[in-house]
2 protein chains.
Amino acid sequence: MAVTLADVAARAGVSSATVSRVLNGNYPVAGNTRERVKRAVEELDYVVNGQARALAAATSDLVGVLVNDVADPFFGLIASALQAEIGAGGAGPVGGKLAVVCNTGGSPEAELTYLTLLERQRAAGVVLTGGAVEDDTHTAAVAARLARLATSGTHVVLCGRPPLTLPDDSGQVTTVAFDNRGGARRLTEHLLSLGHRRIGCVTGPVERSTTRHRLEGHRAALEAHGMGPGTGEGDNALRLTVHGGYDRASGYDATLELLRRDPGVTAIVAANDTVALGVCAALRDQGRSIPGDVSVAGFDDLPFSVDAAPALTTVRIPLQEAGARAGRLVMGRQAPPPGGLSTIPTELMVRASTAPPSNRP
Amino acid sequence: MAVTLADVAARAGVSSATVSRVLNGNYPVAGNTRERVKRAVEELDYVVNGQARALAAATSDLVGVLVNDVADPFFGLIASALQAEIGAGGAGPVGGKLAVVCNTGGSPEAELTYLTLLERQRAAGVVLTGGAVEDDTHTAAVAARLARLATSGTHVVLCGRPPLTLPDDSGQVTTVAFDNRGGARRLTEHLLSLGHRRIGCVTGPVERSTTRHRLEGHRAALEAHGMGPGTGEGDNALRLTVHGGYDRASGYDATLELLRRDPGVTAIVAANDTVALGVCAALRDQGRSIPGDVSVAGFDDLPFSVDAAPALTTVRIPLQEAGARAGRLVMGRQAPPPGGLSTIPTELMVRASTAPPSNRP
DNA sequence: CTGTTAGCGCGTTCAG
DNA sequence: CTGAACGCGCTAACAG
């Protein structure tokens, strides 16, 4: 059926071993012979069988990328930069690898399932992106899987996930973390410095690490301004925290709930930019102007944020840089930082959706 | 190193063939033996070697997905739905497959390179998404590659691309097309019916099929309203066409150019929603209100469009449905339509960014 | 129902 | 510098 190495060898009048050597260019071959082989390859339109090669050489051309959902620009940006870095374009000495993108939908089971599938394929590397579900059982299960992968030579990189300590010292997993905590803190400080005191918080799913970190930053800022738990304003802030998903609809619903709990909120920080769009929509539908009546802030600085109505104040995470770095790390093109952990800084982007609170009764 | 079939066989006191049969469940095995094997698999934490299996069985667990850029929501949505359909979740009888996402950046060379890489991997299927570059040489090259893939049993699906006729009748490639032409026509008709006559057109790269189809729809609408080439208004419309990329910056720049050519434009149709955001930004920066001074329309109806300022009138393409359908087709879970071509209808979404032109001098 | 025997297509010794 | 031989880990055909 398909033309094989042997076919090429026969055509060129050499042994298949020689053809292999020419193709991989790792061995000395007479220029004369080499040309003959190359011609035979051309004439026969020969394409190597990657699976056979992988089996024989115990290598793989695949790198797995686990994301919640590639359709979400947050993950899309990471995946895109990652793929570009490891792909044919970056054709480094190693030769590009193919990115296997897996949507886990944030489900721990799906995560494990895909890790197994990637282990089956003997993937050269695996990158887990986005916040982790903070459940001890699941964390242990993932750690075990990753330890096995790392031990068997698969490069494991965490991108936007909290670092993970593996059981035995199996090939270290390196981590590219985001400074969610710091970003959230600076964001809330920005609102506080504008004069806001009744700040609603539409945050993400309660069990995810990203949610926890951003919430911690938020509360650290409040506390630093004398609004910690126990103080009147602090307790009110706690009451103004609503958990939801990372989607627009959650932002919309949570905002209605928030307005019910305290019609007098003057600012809302959202779990991310997508949620913030839902928050804005809900506020508009309730007849509140932004930022006149209520200030709104997002997180991530996704591309559309600057074009929202009004332009969204948010915290920028350099996602493509993160994805590219994760790509270099998983390819072994960049040495892992000492300790295996590098944290990517975040930056407050002040735009039009936040302003001082109005002085209405 | 890694535990193999033979290891499991030894542990269970059976032959490796039996283990294989238990694992694949395609052959009768005594319940007794089956249990023993399963236990051995558990105890040894055995994970099949996908490459060896693929080699022996001449199958593959990989499906390639070519996109311009997964970070672009247009492609992200398609890729996401596609992956969900073919992945472990949809665990149909065939067993889920892994999606290999390849960013071509719209480059013909990259497209061919990735097709070769996927051929190397003996991918079970390949899906090409997005408009094609309309260059005869390249089209022929792609057709040849696809013909080879199809002949060797790889399912080939085109999603959002014009259908392709392959040289010999190699396993037909099925196409999921979008009604870009009809959508664009209805969109321009909408503007005309509002009373617009000086309509600018910020369209995509000149050589892409999507650009051509949308432009054809646009011009068909003009012509139907007596504004074809040769008429004064028609020729003016031709002058008001600016080509650019599919990104926001192109929309911004093209708008400035458009305003230079005719400061009196009352409406602008953009190549897509992303470009439309750039158009809106440029208009705002030039002190033009939307839709008061100038109406703006996008294309695709990406998720952010409804939250733009103002909400974007656009043409909806059900991208996730398209991606899912492409997934089913490439998996052979759905019979290809007669003729191998199914066209997905598009829908005009009238929102706040379009309105009748104002009656200024 | 189960074990034995061949390959799948290629990389890699080891001789020559 | 080149060829012959072996094995990667698994499936499939053929006996039993």
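A note on names: the letters A, B, ... follow the listed sequences, proteins ahead of strands, and every chain is numbered from 1. Note: hydrogens, waters and symmetry copies are ignored here, and every other heavy atom, side chains too, is used.
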Report for the helix from C/dC1-D/dG16 to C/dG16-D/dC1: angle between first-end and last-end helix axes, five pairs each, rounded to 10 degrees.
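End axes: 40° apart.
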If the condition is salt bridge (charged side-chain N to carboxylate O under 4.0 Å, His left out), which residues does B/Arg36 pass it with, not counting sequence neighbours?
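None.
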Of the residues in residues 4-16 of chain A, which ones touch DNA chain C at a heavy-atom distance under 4.0 Å?
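Residues of residues 4-16 of chain A that come under 4.0 Å of DNA chain C are, in numerical order, A/Thr4, A/Leu5.
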First and last nucleotide of DNA chain D, 5' to 3', lying under 4.0 Å from heavy atoms of chain B:
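First and last nucleotides in contact are D/dG9 to D/dA13.
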Residues which pass side chain to side chain contact (heavy atoms under 4.5 Å, CB included) with [X], listed by chain and number, not counting sequence neighbours:
| X | result |
| --- | --- |
| A/Glu43 | A/Arg11, A/Arg39 |
| B/Ala12 | B/Val14, B/Val37, B/Ala40 |
| B/Thr175 | B/Leu158, B/Pro163, B/Val173, B/Ala177, B/Leu341 |
| A/Ala52 | A/Asn49, B/Leu55 |

Using atom types as modelled and distance alone, determine if a side-chain donor or acceptor of A/Asp72 lies under 3.5 Å from a backbone N or O of A/Asp69.
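Checked: no pair found.
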Does A/Val330 offer a backbone N or O that forms a donor-acceptor pair with the side chain of A/His155 under 3.5 Å?
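Checking the backbone N and O of A/Val330 against the side chain of A/His155, a donor-acceptor pair under 3.5 Å is found.
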Flag the pair A/Glu321 and A/Arg325 as a salt bridge only when some basic side-chain nitrogen lies within less than 4.0 angstrom of an acidic carboxylate oxygen.
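Result for this pair is yes, salt bridge flagged.
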Under 4.0 Å from any atom of DNA chain D, heavy atoms only: list the residues of residues 25-53 of chain A that qualify, in numerical order.
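Within residues 25-53 of chain A, the residues near DNA chain D are A/Pro28, A/Val29, A/Ala30, A/Thr33.
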Where does the chain A footprint on DNA chain C start and end, counting 5' to 3' with a 4.0 Å heavy-atom cut-off?
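Range of nucleotides touched by chain A: C/dG9 to C/dT13.
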Hey, can you pull the donor-acceptor pairs under 3.5 Å for the side chains in residues 127-141 of chain A, sequence neighbours left out?
residue  : atom : partner  : partner atom : Å
A/Thr129 : OG1  : A/Leu66  : O            : 2.7
A/Glu134 : OE1  : A/Arg212 : NE           : 2.7
A/Glu134 : OE2  : A/Arg212 : NE           : 3.2
A/Glu134 : OE2  : A/Arg212 : NH2          : 2.7
A/Asp135 : OD2  : A/Thr137 : N            : 3.2
A/Asp135 : OD2  : A/His138 : N            : 2.9
A/His138 : NE2  : A/Glu111 : OE1          : 3.3
A/Thr139 : OG1  : A/Asp135 : O            : 2.8

Quick one: does B/Leu115's side chain get under 4.5 Å of B/Leu149's, heavy atoms only?
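Heavy-atom side-chain distance check passes, below 4.5 Å.
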Do you know the tightest heavy-atom contact between A/Ser60 and A/Ala123?
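What the structure gives for the nearest pair is OG-CA, 3.7 Å.
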Testing the basics here: between A/Val8 and A/Val3, what is the closest heavy-atom pair and its distance to 0.1 Å?
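Scanning both residues completely, I find the closest heavy atoms to be CG2-CG2, 4.2 Å.
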Any luck finding a side-chain donor-acceptor pair between A/Arg145 and A/Thr116 under 3.5 Å?
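Short answer, yes.
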Of B/Ala56 and A/Ser20, whose nearest nucleotide on DNA chain C comes first from the 5' end?
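This one resolves to B/Ala56.
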Applying a 4.0 Å non-hydrogen cut-off, can you work out what B/Ala58 is touching in the nucleic acid: base, sugar-phosphate, or nothing?
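Nothing, no heavy atom under 4.0 Å.
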Please set out all donor-acceptor pairs under 3.5 angstrom arising from side-chain atoms of residues 20-35 of chain B, sequence neighbours excluded.
residue : atom : partner : partner atom : Å
B/Ser20 : OG   : B/Asn24 : ND2          : 3.4
B/Asn24 : OD1  : B/Arg53 : NH1          : 3.0
B/Asn24 : ND2  : B/Ser20 : O            : 3.1

Evaluate side chain to side chain contact (heavy atoms under 4.5 Å, CB included) for A/Phe75 paired with A/Val101, printing each intermediate quantity in order.
CA-CA 10 Å; A/Phe75 294 100; A/Val101 173; over 6 Å; no
